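Worksheet: the structure to be examined is printed underneath.
Worth saying up front: this structure is predicted, and the values here are computed from it rather than measured. Values below: all heavy atoms of this structure, side chains included; hydrogens, waters and symmetry mates excluded. So you know, we letter chains A, B, ... as the sequences are listed, proteins then strands, and number each from 1.
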2 protein chains.
Amino acid sequence: MKMTEAKDKFIQTWGSLGTLWGINKAMAQIHALLLISPEPLSMEDIMEELQISRGNTSMNLRQLIDWGIVFKASKAGERKEYFTSEKDINELARQIARERSRREIQPTLKVLKEVSNIEDDGSAETQEFIKQTKALYELADTADAILNRIANQESNWLTKTFIKLLK
Amino acid sequence: MKMTEAKDKFIQTWGSLGTLWGINKAMAQIHALLLISPEPLSMEDIMEELQISRGNTSMNLRQLIDWGIVFKASKAGERKEYFTSEKDINELARQIARERSRREIQPTLKVLKEVSNIEDDGSAETQEFIKQTKALYELADTADAILNRIANQESNWLTKTFIKLLK
DNA sequence: TCAAACTTTCAAAAATTATTGAAAGTTTAA
DNA sequence: TTAAACTTTCAATAATTTTTGAAAGTTTGA
């Protein structure tokens, strides 16, 4: 396989993976492109490479910056803004873990806690509801604790953890 | 909060969470409904409770069955089919881990291995590409190993693991 | 075998989500 | 200041995904 072909395939794959995870294609592709670029890229570069519009590029870059995995990088003496992504894959994983906990798990925990706290009227329906939502709360809470641990430990925690688990 | 209100809120929340994860709303809601129903439900029951069409219900039930988290349950002497979900939350987590590994991580690993194996022509571009795709491969591989461990161990592995990690 | 009871399929319609591109906004060098 | 260089916004449009509902298919009891 040639470099150009490999690059395209990688960007395409990352794009459709993103879709599968509720991240839009352009956002995932921009991230993929920046991840493998040795140099920061300008908006023009990105538009050209991915064949997407200026508006689309601008909006998705902003979201990636919001997620904390893409940064603005000014080049000395240049007016244009350049963009670069977090290059350390472990740091990338940590940042994603951090954001997913904050954006998804925390709000879910809140709702689960709330709904599992209804008064038990003794009916089978209510009892099952309380039992299951409490169990989900436990699961989500454990998952969150693990994510936070990933987010806060040293950067190769994930690998080390796995080694530890094998013992 | 009243039971009806709590139930609605739970089903709604599960539905939008699903959307966030690339699972469609009806599918997530059907799952939520079955999860908290003490008795198996018929297609009519589900249609009525969630106000969705027969076709929609049928297709999404099939997908849930495909995922291995919802089962057909025949009631003695009844022609109609009933449906029930995996009630053990840990088993549910294991099944989801198993399927996500199979459906998403394995294919991604395959592509990453493939593209990171291009010939190194010495250019900065190629070197960065190889370096980053290899790093992603490592990460995905570790994540997959962890998922598989979740999928194959005893049902409260997740909790035990977390306790272990705290030590 | 038939026909009632039920489920699945799938083309069309609706809903949602992503993308465009041009106008408005911002920044900076002179 | 001004105006060129650049970025952001957002209404309109396009693409994608979900949902519907009726027709086709299947199963089962008599």
Tell me the closest heavy-atom pair linking [X] and [Y], and the distance in Å.
X: Gln132(B); Y: Ile36(A); result: CB-CG2, 4.3 Å
X: Glu104(A); Y: Trp21(B); result: OE1-NE1, 3.1 Å
X: Ala26(A); Y: Asn60(A); result: CB-ND2, 3.5 Å

Parallel, tilted or perpendicular: rings of Phe10(B) and Phe129(A) (30°, 60°):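 Ring orientation of Phe129(A) relative to Phe10(B): perpendicular.
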Axial cation check for Trp67(A) ring with Arg103(A), 6.0 Å and 45° limits: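 Judged by the rule (NZ or CZ under 6.0 Å from the ring centre, within 45° of its axis), Arg103(A) counts as positioned above Trp67(A).
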Flag, side chain of Ser37(A) to backbone of Pro40(A), donor-acceptor distance under 3.5 Å: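 Checked: no pair found.
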Flag, side chain of Gln29(A) to backbone of Leu50(A), donor-acceptor distance under 3.5 Å: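 Absent.
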Euclidean distance, atom CE of residue Met59(B) to atom P of dA11(C) [Å, nearest integer]: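 Roughly 10 Å, once rounded to whole Å.
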Spacing of Lys25(A) atom NZ relative to dT17(C) atom C1', expressed in whole Å: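 Atom-to-atom, Lys25(A) to dT17(C), this comes out as 13 Å.
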Ionic contact status for Glu125(A) with Lys7(B), cut-off 4.0 Å: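 Yes, Lys7(B) and Glu125(A) are salt-bridged.
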Pairing of Glu5(B) and Lys2(B) as salt bridge, 4.0 angstrom limit: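 Here Glu5(B) does not pair with Lys2(B) in a salt bridge, since their nearest N and O are not under 4.0 Å apart.
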More than 12 heavy atoms of other groups within 6.0 Å of Glu48(B) CD: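 12 or below, so no.
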Contact list for DNA chain C against residues 61-84 of chain A - heavy-atom distance below 4.0 Å: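 Of all residues in residues 61-84 of chain A, the ones placing a heavy atom under 4.0 Å from DNA chain C are Arg79(A).
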Residues within residues 36-58 of chain B bordering DNA chain C, heavy-atom distance below 4.0 Å: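 Contacting residues: Met43(B), Arg54(B), Gly55(B), Ser58(B).
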First and last nucleotide of DNA chain D, 5' to 3', lying under 4.0 Å from heavy atoms of chain B: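 Using the under 4.0 Å cut-off, the span is dT18(D) to dT28(D).
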